[in-house]
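Every heavy atom of this structure was used, including side-chain atoms; hydrogens, water molecules and symmetry mates were not. Residue numbers count from 1 along this sequence.
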Amino acid sequence: MAQLLRGRSSIDPRFKHIRPVVYTVSRLNFSGFTTGNNGNGGATGGTGTGTGGSSHSTAWSRYNFYRHQEFLRPPNASGWQYSHQHRNYGMLLGRVLRGVLKLRYLVLGGAIGGGVTLNKRYEEWKDGLPDMKWLEEVLPDNEKWAQFTKSLLTVKDAVKDSIEIDPRLKQLSEHKMNEWRQWFDQRLDNAIEAAETQQNPQIESSFQNLSEFISELYGATKEELRAKNTVNAKGLGAEESRKRVDSLQSQVDSLQTEIMNVQLKYQREVEKLEKENRDLRQQFLIMKTNRKQPTKKRIKKSLIDMYSEVLDELSGYDTTYTTADHLPRVVVVGDQSSGKTSVLESIAQARIFPRGSGEMMTRAPVKVTLSEGPYHVAQFRDSEREYDLTKENDLAELRRDVEIRMRNSVRGGKTVSMDVISMTVKGPGLQRMVLVDLPGIISTQTVDMAPDTRDQIKHMTEHYMSNPNAIILCIQDGSVDAERSNVTDLVSQCDPLGKRTIFVLTKVDLAEDLADPNRIRKILSGKLFPMKALGYFAVVTGRGRNDDSIETIRDYEEKFFKKSKLFQSGVTMSHQVTTRNLSLAVADRFWKMVRETIEQQADAFKATRFNLETEWKNNFPRLRESGRDELFEKAKGEVLDEVVNLSQVSAKKWEELLNSKLWEKLSSYVFENVYLPAAQSGSQNSFNTMVDIKLRQWAEQALPAKSVEAGWEALQKEFQHLMEVARRTPDHDDLYDNLKSAVIDEAIRRHSWEDKAIDMLRVIQLNTLEDRSVHDKQEWDQAVRFFETSVKEKLQTTETTIGEMFGPTTSQKWLQWRSSTEEQNKRRQVKGELDKILDSDTKHSPTLSYDELTTVRKNLQRGNVDVETDYIRETWYPIYRRHFLKQALNRAYDCRKAYYLYSQQGNDCEINCSDVVLFWRIQQVIKVTSNALRQQVINREARRLDKEIKEVLDEYGEDDEKKQQLLTGKRVQLAEELIRVRQIQEKLEEFINALNLEK
């Protein structure tokens, strides 16, 4: 500083009397002042006209002001003295002057900032212009330009040789040039001398303009400054000081208004250029689309659409942000009703979300992908429909569909859901980015909310903000007290340094009259809340009317900030207001983070893919990695193949299977309800009569339904048999067993036999039972064998029951080392008394008389065995049943060769073979029923079962949860993860290539 003053104006600041002025002036910004050598006081330009003349007038007015104030006085006789009596007023005047001169810094800073912004927007607009290569065909090429330039040079040489300059003009020009050269050399020598005596090189450049300013301001030479180096401060009165301060304040207000008008003018020009750019790009995109339509080629996806697809893939792969999904997205968070959705709608330039008066409307995360396009449309990720956002009807339908999707996503009594609703909004001039709108944070739960709603919303918000590359758009309601904010604490916890947070103050129009301007200044400067942020913005997102359009809201916002006291008083800067500036800042930060992190994400997935492929080769070297969808399709084909095999079963096998199943279903009823009661009637005629009655009742009521049930079980049994045979083949894969079993069980559960089949079977069975005569010897022999087999089966079952009731026999006790229980010994003693009754009367009735019961009981009491009559009857039933079945089996043996006698004598045959005829009738009913069921199975039921299985397979194919439940195991999980990582990595590589091309 000392060298600068000595070199330019010969002022030595080591003298104490000059230091206060130097220190005061050193705080000013003199970047706006320049020096010159003309007679007008140093205004740049030489002649003092145009802008240079304006600068000269301003500098000259300051010069006169300071001269009239007698700021510098000559020294007194005693030498260089400083008068202290008026120093306080001098310092006050210096501070006032400093405030006045600060305005230049504000004006010049605003102008420079506006110029830089305008230049940046111009460069972006210029880059967005369409290709102008077609001008090459219109303009001449380089050779023609070279020929034209050569001809111009030839003309110049000819003119130069033929024209002579006036010698006087030439002499005057050389004289002026010499004067300028001498002046410049003198200035250069002074600068060199100052540099040689330099004491503090660190502040030399900072005070370079100070020396020039002092020389320009006072216009003094070195000698004059030496003669006038005593500074005396002249005091001002209180009234004069107040007037001066008011005058300066009015100047500040006028300059602030002027700055605002200039910035608004720049902004309108930028918006005009942007509108022209949007129109040109819209026309270009339309022409490009129309040009591609005849070729029927796939339209290339935009960069933001490719990025959105990557995020969609990652959302299903990793929902906890702990593995690999650290890609940026803009997370919109805030308290309930703070204006989050309105801010997002202003950025999207469409009112796409449902509205509510105080109630919770956002119940699930909504991912909105903004991209540029020729038409303003919206579309859900899982839908092909496009909503025209310029039409109110489509907007209303879109809002209704969003609300329906939100309500459908809430299940199990919950109030909010983690299911993401993904949609894309395209339009001219939209900033490309991906935003996620989350439910608003609440402090109090209402009675209609789930008990864990507040914690669930908080967990969801922290979950999305925990992504280290997520841009947090923190929305704060400006119309409420800042102390009531819940979101700022959460944001400060997730991003304590504020490296990825952008703070937005909404509803500023309501806060202007309610809040203290100093308080708003603190909010927008980051000094009120403990959280930190990259930037602070103030926006207006509406007038409180649901029917206002986005254009109306933007016009209202612009008019508000133009007339706002907050804006005019310097509370906010122009770049901190309007949704448009917010959108530009968020988009710029979003793409900056994308470019910084996308390569790392791609490398991480590449390494994960390599590890998974290595693990797959080590565990399943001979198998190809197949996902659940592919595995499901293979299992589906195998199940349908087995259904085809079901139709290839022979008729004979079907009849055998149906006969077996029918008798299994009907045998119990035939013995218990028809044969045994009729056999105990006492005579052959009564036996036949009772059989006819019971068979007819049975055929009219229960037999058809039982037959259908038997047929359905036979169909299931055969189908399961085919599946079991396929399971035992060498190339069978156990992976599909659970899926196949679940599909077959569900199809069988849904399947039902046709109702008309029962009526048809009833008619056939009644007609068959009307025939009571065996027609030939072969049928007789078949009936006898059927009767014998049936009786033997029942007899064997009865023997098993008796063995369990009475304990092991003597041989079993010795050979198998078995012993009887006390209860079995008691039963055996009762059996001994009952055997005596049957031995004495082989044709005993099925029931015991009272006298017989009393006799048995008294005989047991003599042996110290006391039993009840019910206990005796319970023991009697299996004993008599075995006795009756043995007699029936003996009659079957007798009837083997009695056909000729039966054919001649009929029912009056000497040998009683009525039971054989009964079983022949039952056998005929089973034959005709199985034949009818076989035809139904082959012709209709197998096809209907095939249809049911296909429907179940189609439903399971669309249900990812079912496939995850039924197709499990390490092989499936590893293949699913490998396929997913491979898809994500390929999409990332595709996006990176497109991003590099755009750069």
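- Lys947 has its side chain out of reach of Lys950: every pair of non-hydrogen atoms, C-beta onward, lies at least 4.5 Å apart.
- To the nearest 0.5 Å, the span separating CG on Asp737 from CZ on Arg727 amounts to 5.0 Å.
- Contact check for Gln379 versus Lys426: no side-chain heavy atoms found under the 4.5 Å cut-off.
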| message | Using the rule given for side chain to side chain contact (heavy atoms under 4.5 Å, CB included), can you reason through Met406 versus Ile421, listing the C-alpha separation, both sets of side-chain angles and the distance that settles it, and then say yes or no? | response | CA-CA 8 Å; Met406 284 186 180; Ile421 300 174; 3.6 Å; yes

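- Residues Gln456 and Met449 form no side-chain contact, since every pair of their non-hydrogen atoms from C-beta on lies 4.5 Å or further apart.
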Practice problem: Please test Arg405 against Asp419 for salt bridge (charged side-chain N to carboxylate O under 4.0 Å, His left out), starting from the C-alpha separation and ending with a verdict. | Solution: CA-CA 10 Å; Arg405 287 172 179 263; Asp419 296 341; over 6 Å; no

Query - Pair Ser583-Met433, side chain to side chain contact (heavy atoms under 4.5 Å, CB included): steps then yes or no - result: CA-CA 9 Å; Ser583 177; Met433 67 184 89; 4.0 Å; yes

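- Expressed to the nearest 0.5 Å, how far CG of Leu974 lies from CG of Asn619 amounts to 7.0 Å.
- Looking at Thr415 and Arg363, their side chains come closer than 4.5 Å, going by heavy atoms from C-beta outward.
- Under the 30°/60° scheme for interplanar angles, the aromatic rings of Phe590 and Tyr307 are found to stand perpendicular.
- When atom types are taken as modelled, the side chain of Glu976 and the backbone of Arg628 share a donor-acceptor pair closer than 3.5 angstrom.
- Every pair passing side-chain hydrogen bond (donor to acceptor under 3.5 Å, both in side chains) that includes a residue from residues 959-968 is listed here, sequence neighbours excluded: Asp629-Lys963.
- Counting only heavy atoms from C-beta outward, the side chains of Ile352 and Tyr387 never approach each other to under 4.5 Å.
- Applying the ring-ring contact (aromatic ring centres under 6.0 Å, His included) test to Trp616 and every residue at least two apart in sequence or in another chain returns Phe620.
- Under the 4.0 Å criterion applied to side-chain N and carboxylate O atoms, Glu638 and Lys634 are not assigned as salt-bridge partners.
- The existence of a salt bridge linking Glu403 and Arg407 is confirmed by a sub-4.0 Å separation between a basic side-chain nitrogen and an acidic carboxylate oxygen.
- The distance from atom CZ of Arg432 to atom OG of Ser371, rounded to the nearest 0.5 Å, is 9.0 Å.
- Between the CD atom in Gln349 and the NE2 atom in His376 there is a gap of 6.0 Å [rounded to 0.5 Å].
- Partners of Tyr536 under the ring-ring contact (aromatic ring centres under 6.0 Å, His included) rule, at least two apart in sequence or in another chain, are Phe503.
- Screening Val434, Leu370, Val594 for a side-chain contact (heavy atoms from CB on, under 4.5 Å) involving Ile304 leaves a single residue, Val434.
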Next on the checklist: Between Lys458 and Glu462, does the side chain to side chain contact (heavy atoms under 4.5 Å, CB included) criterion hold? Intermediate values first, please.
Outcome noted: CA-CA 6 Å; Lys458 181 180 178 182; Glu462 292 175 344; 3.3 Å; yes

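- Contact annotation: the side chain of Leu631 approaches that of Tyr736 to within less than 4.5 Å [non-hydrogen atoms, C-beta and beyond].
- Contact between Leu389 and Val425 at its shortest, heavy atoms only, is CD1-CG1, 3.8 Å.
- Interatomic distance, Gln600 CD to Thr597 OG1, rounded to the nearest 0.5 Å: 7.0 Å.
- Separation of atoms CD (Gln476) and CG (Asp335) is listed at 6.0 Å; rounding is to 0.5 Å.
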*Go through Asp437 and Thr341 one step at a time and tell me if the side-chain hydrogen bond (donor to acceptor under 3.5 Å, both in side chains) criterion holds.*
CA-CA 7 Å; Asp437 186 23; Thr341 303; 3.2 Å; yes

- Could you go through the side chain to side chain contact (heavy atoms under 4.5 Å, CB included) check for Leu582 and Val504 one step at a time? CA-CA 8 Å; Leu582 171 64; Val504 183; 3.7 Å; yes

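- Ion pairing of Arg982 with Glu625 is present here, as a side-chain N (NZ or NE/NH1/NH2) and a carboxylate O approach within less than 4.0 Å.
- When all heavy atoms of Lys532 and Leu497 are compared, the pair lying nearest together is CB-O, 3.8 Å.
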**Item:** Derivation of the salt bridge (charged side-chain N to carboxylate O under 4.0 Å, His left out) call for Glu613 and Lys617
**Value:** CA-CA 6 Å; Glu613 287 178 346; Lys617 292 178 181 178; 5.5 Å; no

